[in-house]
Every structure is written in structure tokens, then in C-alpha cells.
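Everything below concerns the one structure shown next.
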Amino acid sequence: MNKLFVIVLLALISFNASAKDNYRYKNIDSLKIVIHNMINVDDKMHRSDSAIKLVVRNRKLFKSEFGSYLLLLKHKIEEDNDSISLPEIYYRLGVNHRYKHRYDSAKFYYKKALPLAEIKKDYYQIGRIYNELGVVCRKTDQNNEAINYFLESIKSTKYSNNYYGKAIAENGVGNIYLVQREYEKALYYFRESIKYGFKNNNSFHQELCYGNLGETYMYLNQSDSAKYYINKCLELAVKRKYPMSQGICYMLLGQVEMNQKQYHKAYEHFEKSLVIQRDIKDKRYLSSILIHHGSAAEKLNKNFEAEKNLLEGRAISKEIHSIDHLIFSNQALYELYYKTKRYQEACDALMLTKNYTDSLYNSEKLRVTNDLEFKYQSEQKTQQIELLNARNQLIGESKKMQRNQLGVLILLFGGLAAFFYFRYQTKQRVTHELRNINKMKSKFFSNISHEFRTPLTLIKGPIEKQIRTVKNETKREELELVLRNSNRMLSLVDQLLNISKIDAGHFAISAQEGDLSTLLKGISNSFNFQANEKFIEYKTEICETGLVWFDHNIVEIVVTNILSNAFKFVPTKGKVGISAIISNKKLKIIITNSGCNLTKQELTHVFDRFYRGGDSEIQGTGIGLSLVKELCKLYRTDIRVFLSSDHVICFEIDLPIIKEHFKHKEISEISTKQEKPFNIPGMVIEADSTEEIGNDEMPILLIVEDNNDMRKYIKSCFKFDYKILEAEDGEFGIQLAQKFIPDIIISDVMMPNVGGVELCNRLRSDEKTNHIPIILLTAKVGEENTLEGLKSGADDYITKPFNAEALLIKVERLVATRKAIQDKYQKELIINPLNLVFESEEEKFARSLQNILEKHLSDPDFSVEQFCELTSMSRTQLHRKLKAVTGLSATAFIRAQRIKMASEILLQPNISVSEACFSTGFNDTSYFSKCFKEIHGCTPTEYLRQHSN
């Protein structure tokens with residue numbers, strides 16, 4: 001079926017070729033679908049040439065993804081061993097890299113394409129490849145090699161009849177001779193090249209050759225001829241609306257005026273060219289016009305503008321490795337600095353001019369040597385005679401040379417001393433500048449990380465809102481893609497912030513005594529779901545450490561980042577492992593993953609930020625491993641990475657676990673709180689009629705998790721501040737929640753019998769437990785899973801691996817929010833006593849309380865036991881429920897409601913204090929006055945006096 005579909009699809013493409021302007025599309029999504037369907041076939045790709053045309057002719061539609069799709073085609077064609085299309089795809093990849101000024105990469109692909117084209121004897125393609133190689137070599141100042149390539153292209157014309165390619169090659173040779181100042185040769189090739197433009201009425205090629213002829217005549221100081229051809233070129237460029245050519249023409253006209261010392265006219269031409277070239281952003285031409293513009297400005301005494309442009313031009317020239325531009329810019333800077341009496345800077349510029357001139361000289365040295373060798377062979381006899389004469393002359397001058405040696409040595413040592421002194425001063429200045437740059441860099445990363453968080457939060461909010469309301473599946477997927485990348489961006493921002501803190505010295509070690517093995521087991525178990533999803537063989541071997549000294553935050557960041565990196569790069573059905581063994585007062589942590597294709601040389605760069613090993617399309621390491629390296633350095637521990645013979649990469653850390661390793665200021669005080677024992681199933685909690693359950697105000701936390709290590713890890717984070725209940729599955733967790741009514745629940749999502757989502761649904765539908773905040777923990781990532789958890793009534797949904805500190809803060813905030821609601825009910829003095837208002841999820845509970853209070857509140861024999869019986873709850877359950885919702889025990893709640901009813905009765909006309917007392921279930925007026933004063937802060941009589949109006 002797949003083959004039939006591809007054949008039908010190719011037929012449709014062929015049919016639509018003429019209607020869609022030779023493979024051109026207007027919709028990028030439909031284009032991508034077509035290309036992916038062509039590539040993703042089991043057998044060889046049919047009509048790979050059509051696929052290449054489809055990608056190349058829609059380059060503008062692809063934008064930045066153009067190169068990626070070329071690489072997709074390359075991989076498929078290489079996989080198919082399609083020798084017919086291989087030279088074409090390599091050629092197109094080379095052209096793409098040349099457009100992006102990646103000349104080394106372009107040359108690499110051209111050279112891969114050339115032998116394949118020669119095997120095919122495709123002379124048209126051979127000529128194109130030779131032309132491109134010539135252009136790349138010319139762009140990188142490899143002129144001799146470029147000439148050879150262009151001449152090879154010209155030779156191929158007699159087999160291919162590609163006269164346009166011949167004209168381009170002739171133009172390229174002319175340009176090289178122009179650079180080498182062999183102007184007559186340059187004129188010859190330019191004139192040969194322009195014949196094609198006249199013959200075929202090709203205005204673009206005429207424009208190109210006119211410009212080159214004008215430039216050549218300019219160097220020959222034939223100003224009239226130069227202006228004539230340059231203006232002809234400019235006329236065609238304006239007509240064709242081609243800004244780059246216009247900019248070059250204005251630059252050449254400016255150079256002609258500079259030769260005639262018409263500096264004002266030259267400045268005006270350079271100004272026009274600079275405006276155009278800044279918009280185009282071609283670095284080679286931009287550097288040239290900046291240098292020319294600076295030279296003209298210097299002649300007009302516009303020194304500040306001259307220096308600015310010359311320095312910018314020199315910087316760009318250095319970036320693109322243009323030796324001739326570097327010589328020109330430094331020479332102009334020397335003249336400017338010398339004129340303005342800045343002699344030290346003038347000296348530096350002059351030295352750079354000399355260095356670059358020497359470099360240019362050395363690049364031509366081999367060619368000159370070859371010429372000399374030829375001359376030597378032809379003039380050998382003459383040289384023998386000259387050598388005999390020279391020998392006699394040298395004997396006569398030897399004494400004179402000896403007298404000069406002492407002076408030369410003195411000058412040499414003096415020069416060396418001056419050189420080393422100048423070098424020392426320069427090194428000191430550079431060190432100072434680098435120190436300032438590092439400070440600025442750290443401050444920048446810190447500031448930019450903080451600045452990113454606000455707009456990212458503002459991006460996430462509306463997107464999350466849209467995801468909840470949008471019904472179109474395609475739009476939902478796009479929004480979820482944006483949200484995932486926003487979260488990824490926030491993670492990167494946090495990592496950047498940590499790195500900036502380290503660089504600035506603000507990331508301090510805070511070591512405490514604790515169970516390190518529990519932390520490691522908790523982190524490692526967070527990756528179990530990822531291992532199951534990718535069918536990965538995941539092994540954990542962590543020894544029991546007992547109480548040791550370590551920094552919880554740093555260890556968590558380091559281990560989580562390395563494990564995340566391992567699962568990121570391990571292939572499906574691969575292997576990941578983590579082990580921890582105590583050795584010599586250190587804990588050796590080893591994390592491994594299979595499927596590593598890095599070489600030993602590339603392995604040394606894995607801690608570099610955003611390093612990409614191998615081909616450029618391989619995913620990079622980001623900044624996670626860089627952060628790990630910096631934290632290990634801060635922790636004063638070594639981290640090693642190495643490869644085994646079976647492509648397994650191994651990270652090894654020797655983590656110190658003794659108190660002596662840490663400095664005094666790095667030791668954090670340990671909490672003096674003791675873990676509160678809280679027995680679970682089997683324990684019966686009772687209270688007498690006068691005392692409610694327990695005097696300890698510590699909140700109760702229920703942990704529902706089937707993994708014992710993970711449950712132990714979570715418990716270790718909360719054991720000093722909460723009473724802990726534990727359940728190993730959802731059914732048991734529901735029973736504990738209904739029996740003890742905890743203050744908050746942390747539950748895993750994937751568990752046997754009853755999962756976290758079902759637990760949440762069942763507790764939310766029970767009026768005894770529907771008020772309890774619930775946090776769901778899961779390794780299942782994705783917006784759909786998050787939404788499912790939140791729709792079930794969960795207060796938060798956290799993915800594994802999670803940050804323990806972040807979980808602790810979330811729990812504290814939820815408990816604090818519930819405490820604030822309790823305080824609200826306790827402090828509310830004027831409410832309708834029988835018209836209770838609670839949160840929406842507790843409306844059913846509120847209605848049942850209202851009905852009970854309306855019938856029994858005035859009965860003096862109405863007790864807590866009756867209240868429990870009428871609500872169908874045990875004394876413990878009712879106490880915990882009322883305590884969670886109102887902050888009051890059952891007894892205190894009944895008493896408070898009676899007082900609030902009495903406060904309204906007292907405000908009615910002709911009602912005495914005793915009547916209000918007995919009508920609300922009190923038997924003793926003095927006890928009634930005491931309770932009334934506790935709630936209102938005044939006696940019933942004073943309350944009547946205050947509200948007499």
C-alpha cells in the first residue's frame with residue numbers, strides 16, 4: 001500500500017508540475033506532507049530528482065528549514081545508495097552553505113559531488129561544480145586554486161555547451177587577475193566573458209562585466225573609461241532594481257574620485273554605497289565600503305567618523321579572513337592615528353599592516369619558489385659563474401661583517417627587551433579587560449534571565465487559556481507545541497540563572513546531614529516511566545548510606561541533569577544505569593547510557609555549552625552538562641566522562657560525604673524538630689467529650705505512592721514539619737483519607753488497583769474529603785495528561801523528576817491557603833448563623849450542616865455525639881472536616897453558631913439577655929456571657945448598648 005500511495009503521489013506531483021509553476025507551492029504544510037511522504041517509504045525513493053527540485057524551487061517558502069530538508073533528502077538518498085541523485089544533493093547542500101558564507105562546508109560538499117559527477121560524465125554538472133569551487137576559493141583568497149577550478153570549468157564547455165557557465169568562469173578568472181594586479185589579463189577575460197551577455201542579450205551578465213571592466217580601468221588609472229563602464233553597470237543595476245550591484249557601483253565611482261583627489265565627491269558616492277550595503281549585510285562588500293568610506297572621511301578631517309568606520313571594517317575583515325582588506329584598513333588607521341598624533345595606536349596599526357602583508361607574502365611564496373626553480377634549471381651555467389664571483393666578494397667583505405656583528409647583537413637584544421616589555425604591558429591590559437568583561441557577562445546573564453521570566457509567563461498564561469477553549473485539533477497541537485517550548489525556555493532560563501550565580505560567586509554550598517541514598521533513589525525512580533515508554537533497560541544499584549553530609553540542592557541538580565541527558569540520547573531499547581557505592585569516605589556515583597557515537601576527541605567537549613558532536617544536525621547538549629561541571633567545580637569534586645568499547649558513555653562522580661570536606665560557612669544548621677510519630681492502620685484515635693483530637697497543631701500529610709523508595713524520599717522532605725500517613729496504592733489511600741481526613745495529599749498517578757486520577761475523583765465526590773488539597777505526581781508528560789489530572793479536581797500536577805524544594809513550597813502554600821480560609825471563618829463576627837457559605841466543592845456539606853443547625857441548635861441537649869450521628873461521620877472525621885473548613889472543633893463550632901444566633905436575636909426589639917440565652921440552647925446565663933465575650937469581645941449587655949440604634 002505504501003508503494004502504491006507513493007506512486008500515485010508522484011503521478012499527482014508530475015500532473016501538477018505545470019499548474020504549480022514547476023513544483024512551486026504556496027502552502028508550506030501541504031508541501032511538507034508531500035516531501036515526508038516521498039521520503040518515508042520502506043524501499044528506495046522514487047524520483048529523487050523530483051524531490052530535490054521540489055525542495056530547491058520552494059526555498060523561499062521553507063525559509064530557515066531549507067537546509068534541514070536538504071539534509072533529510074541527503075540521508076534518504078545515501079541510504080538508498082542512489083548514485084544518480086547524490087552529486088545533485090551534495091551540490092545543493094554546498095550552494096546552501098555558500099549562501100550562508102560557510103565556505104569550508106560548501107567546499108566539502110562540492111568535493112564530494114565532483115567525483116560522482118565525473119563517473120556519470122555529466123559535464124554540465126561538472127562545470128557547475130568547478131565554478132562553485134572557484135567562487136568559494138576566490139571568496140577565501142585561495143586565488144591560484146580558484147583559477148585552476150575556473151579553467152577546468154571552461155574546459156568542460158566543449159562537452160556540455162554550457163556557455164553561460166563558461167562566461168561565469170571567465171569572469172571569475174578575470175576577478176582573480178584583478179586582485180593579483182595583472183590588469184591586462186583581467187581585461188582579456190572580462191572582454192571574453194561579456195561576449196556571452198551581448199550574444200544572448202543577458203542584461204545581468206552585461207551588468208556584471210561592465211562593473212568589472214570599470215574596476216580594471218580604475219586600477220589602470222584610466223578614469224574616463226572606468227567611469228563610463230561603471231555608469232553603464234549602474235544604469236543596468238537601477239533598471240533591474242538590484243541594490244547590491246548599485247552599492248558596488250557607487251563604491252567604485254568613489255574610488256575613481258579618490259584617485260583624482262575629489263574627496264567630497266568620493267565621500268558622497270561612498271555614503272550612498274554604505275547605506276545600501278548595510279541593508280544587504282554582505283560582510284565582504286560591507287567591510288570594503290566601510291574602509292573606503294573611512295579613508296574618504298579621514299581626508300575630509302571627519303576623524304571620529306573615519307575611525308569608527310575603519311575599526312568596524314577591520315573587525316568584519318578579520319571575521320571573514322580577508323587579508324587584503326585587513327592590510328588596507330590598518331594602513332588607513334595608521335595614517336589617521338599618525339595625523340591625530342596618537343602615535344602608540346599608529347604604531348600598532350603599522351605593525352598589523354606589516355604582519356598581514358607578510359602573511360599575504362607567505363601565501364604567494366610557494367608560487368614564487370616554483371618560478372625560481374624553473375629559472376634555476378634554465379640558467380644553471382650562468383649561476384655557477386656568478387657564484388664563483390660572489391664567493392670572492394664574500395671573502396673580501398667577511399671582515400666588514402664581523403665589525404658589524406657586535407652592533408647588530410646590541411640592537412637585537414634591545415629590540416627583544418622592548419618587545420617583551422610591550423608584550424607584558426599588553427597582557428596586563430588584556431587581563432584587566434577580560435576580568436571586566438567576565439563581570440559584565442555574569443551581570444548580563446543574571447539580568448536577562450530575570451527579564452525573560454515575565455514575558456514567558458505572559459506567553460504561557462494566554463496559551464494555557466486558549467488550549468482549554470480551542471476545539472480545533474490542529475490548533476491545539478500548535479498551541480501545545482508553543483507551551484512545551486515556553487516551558488523548555490523557562491528551564492533554560494533557570495539554568496542560565498544558576499550559571500550566572502556561580503560565575504558571580506552567589507551560589508553557595510549549604511551542606512546538611514541526611515540520608516543521601518534516599519535522595520538518589522527518589523531521583524532515579526522518577527525516570528522509571530520514561531524507561532518503560534522507550535523500552536529502555538534501566539538498572540539502579542544504590543547502596544544504603546545512612547546519615548552523611550551533602551548539599552541536597554546541588555546533588556539533586558547534578559544527578560537529575562546527567563540522568564536527563566542520558567535518557568535524552570539513549571536510543572529505544574537501549575540501556576541506562578545508575579549506581580552508587582561508598583569508597584574511601586566518598587560516594588562514587590556512576591551514570592551510564594548506551595548508544596553514544598561520540599569520538600574520544602568529541603567527548604572532551606561534552607561539558608561545553610550547546611556542543612554538537614559529529615554532524616551539525618545532531619542534537620546538542622544544551623547547558624545542562626555545563627551547569628553540572630560548574631557545580632562539581634564549586635563542590636570541589638571531580639567529574640569524569642569516558643567511553644567503553646560498546647558505545648556506552650559513563651559519567652563518574654566521587655562525592656565527598658564527610659563533614660570535614662566542607663568549610664565552616666558551608667555547614668547549614670540542622671532543624672531541631674523531631675519527626676512526629678503518627679501510627680497508621682490499626683491505631684484508633686479517640687477523644688473524650690471535652691477534649692478534641694490532639695493538641696499538636698502539625699498538619700497531616702498523606703503520601704500515596706506504590707514505589708517504596710519514592711515514598712521514602714518524599715517522606716524525608718516533610719517528616720520534620722508534618723505528621724505522615726503512607727499508603728502503597730490508591731484504594732488504601734482512599735481508606736486512610738476517609739478515616740483520618742488529612743490536611744493535604746500527595747499521590748502518584750500510575751499505581752496498581754486505583755490510580756491517582758481515580759483517587760482524586762472519588763475523594764472529590766465524598767463530602768467528608770472533598771475539601772482536601774491534592775497534588776498529583778507523574779512521569780507522564782504532555783498537556784493532555786496535565787489537563788486530565790486537573791479536571792479530576794487536583795490542585796496541582798507535577799511531573800517527575802521534580803525539584804524537592806519546589807514540591808515543599810507548593811505543599812506549604814496549599815496548607816497556608818486552607819489555613820487562611822479557616823481564619824476567615826474564625827474572624828467573621830457578623831454572618832447569618834444558619835445560612836452558612838463555604839467553597840463550591842463543599843456546598844453539599846454546608847447544606848447538611850444548615851439543615852441540622854436549623855432543627856437542633858436551640859436544643860440545650862444537642863451534643864457533639866448527636867451532631868456526628870446526624871452528619872453520618874465519626875467524631876474524628878467530623879472534627880477533622882470542621883477543623884479543615886472552619887478552623888474550629890465540633891464543640892467550638894456548635895458554641896460559636898449559638899453565640900452568633902444569639903447576637904442576632906439580641907438585636908430584635910424587646911428581647912432580654914436571658915431570653916436570647918435560653919432560646920439558643922444555653923442553660924446558664926453566666927456561661928452564656930462568658931462565651932459571648934470570647935467571640936465578640938464584650939458582654940451581651942455591652943453589645944446591646946453598642947447596637948442600640
Side-chain angles (χ1 to χ4, degrees), residues 174-175 178-179 181 183 186-187 190 206-317 320 322-336 339 349 353:
N175 272 305
L178 182 63
V179 171
R181 301 180 182 179
Y183 301 123
L187 283 175
F190 289 145
Q206 291 176 36
E207 174 190 328
L208 184 68
C209 293
Y210 279 143
N212 288 331
L213 285 167
E215 186 175 3
T216 307
Y217 280 117
M218 177 189 72
Y219 289 124
L220 288 170
N221 291 321
Q222 298 180 28
S223 301
D224 293 337
S225 297
K227 289 181 180 178
Y228 170 78
Y229 283 112
I230 295 169
N231 281 315
K232 291 281 285 183
C233 176
L234 181 59
E235 180 183 340
L236 291 173
V238 171
K239 184 177 180 181
R240 199 163 60 90
K241 297 181 180 179
Y242 187 51
M244 176 173 279
S245 185
Q246 295 174 41
I248 295 171
C249 288
Y250 284 125
M251 182 175 70
L252 292 174
L253 288 171
Q255 288 178 256
V256 174
E257 298 295 351
M258 285 288 287
N259 291 341
Q260 295 180 316
K261 298 185 179 180
Q262 300 294 323
Y263 301 129
H264 284 285
K265 290 183 179 180
Y267 181 85
E268 291 174 2
H269 287 307
F270 290 146
E271 188 73 22
K272 292 178 183 178
S273 179
L274 183 57
V275 171
I276 294 171
Q277 294 297 348
R278 282 199 186 278
D279 289 336
I280 297 172
K281 298 179 182 177
D282 186 292
K283 292 185 178 180
R284 186 172 182 84
Y285 287 117
L286 181 57
S287 66
S288 180
I289 185 57
L290 282 166
I291 297 167
H292 284 298
H293 188 281
S295 298
E298 184 267 327
K299 296 294 183 183
L300 296 173
N301 293 322
K302 298 181 179 182
N303 296 332
F304 177 78
E305 185 179 8
E307 182 181 9
K308 176 177 174 294
N309 287 336
L310 288 171
L311 288 174
E312 184 180 358
R314 183 174 71 176
I316 297 173
S317 302
I320 63 176
S322 178
I323 304 297
D324 51 345
H325 287 178
L326 284 167
I327 295 171
F328 184 18
S329 60
N330 281 296
Q331 180 64 36
L333 281 168
Y334 163 72
E335 293 173 1
L336 173 65
K339 184 177 76 173
T353 303

Review point. Taking atom NZ of K232 and atom OH of Y228, what is their separation to the nearest 0.5 Å?
Key: 4.5 Å
**Study point:** CD1-CG distance between I291 and L310, expressed to the nearest 0.5 angstrom
**Key:** 7.0 Å
Check your understanding: Side-chain contact, heavy-atom cut-off 4.5 Å: V238 with E207?
Key -> no
Exercise for review: Can you see which heavy atom on N309 is nearest to which on H293, and at what distance?
Suggested key: ND2-ND1, 2.9 Å
Review point. How many angstroms lie between CD in E257 and OG in S223, if you round to the nearest 0.5 Å?
Key: 8.0 Å
Revision key, fill the gap. Here the gap from I280 atom CD1 to I248 atom CD1, rounded to the nearest 0.5 Å, amounts to 7.5 Å
Exercise for review: May I have the step-by-step check of side chain to side chain contact (heavy atoms under 4.5 Å, CB included) for K272 and Q246, ending in yes or no?
Suggested key: CA-CA 9 Å; K272 292 178 183 178; Q246 295 174 41; over 6 Å; no
Point to revise | Q277 and M251, any side-chain heavy atoms less than 4.5 Å apart | key: no
Check your understanding: Between S245 and C233, what is the shortest heavy-atom contact and its length?
Key -> OG-SG, 3.8 Å
Revision key, fill the gap. Here the gap from S317 atom OG to E312 atom CD, rounded to the nearest 0.5 Å, amounts to 10.5 Å
Review point. How about P243 and D279: do any of their side-chain heavy atoms sit closer than 4.5 Å?
Key: no
Point to revise | Any donor-acceptor N/O pair, K339 side chain to E298 backbone, under 3.5 Å | key: yes
Check your understanding: Are I289 and I276 close enough, and set up right, to give a side chain to side chain contact (heavy atoms under 4.5 Å, CB included), and what steps lead you there?
Key -> CA-CA 10 Å; I289 185 57; I276 294 171; over 6 Å; no
Review point. When you look at L274 and L286, which way does the side chain to side chain contact (heavy atoms under 4.5 Å, CB included) test go after all the steps?
Key: CA-CA 7 Å; L274 183 57; L286 181 57; 4.0 Å; yes
Exercise for review: Take S295 and F328, measure what side chain to side chain contact (heavy atoms under 4.5 Å, CB included) needs, and give me the verdict at the end.
Suggested key: CA-CA 10 Å; S295 298; F328 184 18; 3.9 Å; yes
Review point. Which value, rounded to the nearest 0.5 Å, describes the distance between S225 atom OG and L220 atom CG?
Key: 9.0 Å
Exercise for review: Might you point out which heavy atoms bring I316 and K283 nearest each other, and give the distance in Å?
Suggested key: CG2-O, 3.3 Å
Study note, to complete from the structure: Sequence neighbours excluded, the answer for salt bridge (Lys or Arg N to Asp or Glu O under 4.0 Å) partners of K302 is none
Hey, can you pull the donor-acceptor pairs under 3.5 Å for the side chains in residues 208-218, sequence neighbours left out?
{"unit_1": "N212", "atom_1": "ND2", "unit_2": "N171", "atom_2": "OD1", "d": "2.4"}
{"unit_1": "N212", "atom_1": "ND2", "unit_2": "L208", "atom_2": "O", "d": "3.3"}
{"unit_1": "T216", "atom_1": "OG1", "unit_2": "N212", "atom_2": "O", "d": "2.8"}
{"unit_1": "Y217", "atom_1": "OH", "unit_2": "R191", "atom_2": "NH2", "d": "2.7"}

Study note, to complete from the structure: Nearest heavy-atom contact between H325 and R284 is CE1-O, 3.5 Å
Review point. Quick check: are there more than 12 heavy atoms from other residues, nucleotides or ligands sitting under 6.0 Å from CG of N301?
Key: yes
Check your understanding: Y183 and Q222: side-chain donor and acceptor closer than 3.5 Å?
Key -> no
Review point. Sequence neighbours excluded, which residues qualify as ring-ring contact (aromatic ring centres under 6.0 Å, His included) partners of F270?
Key: H292
Study note, to complete from the structure: Closest heavy-atom pair, R314 versus L333, reported as atoms and distance to 0.1 Å, is NH1-CD1, 3.7 Å
Point to revise | Shortest non-hydrogen separation from G247 to S273 and the atoms involved | key: O-OG, 2.6 Å
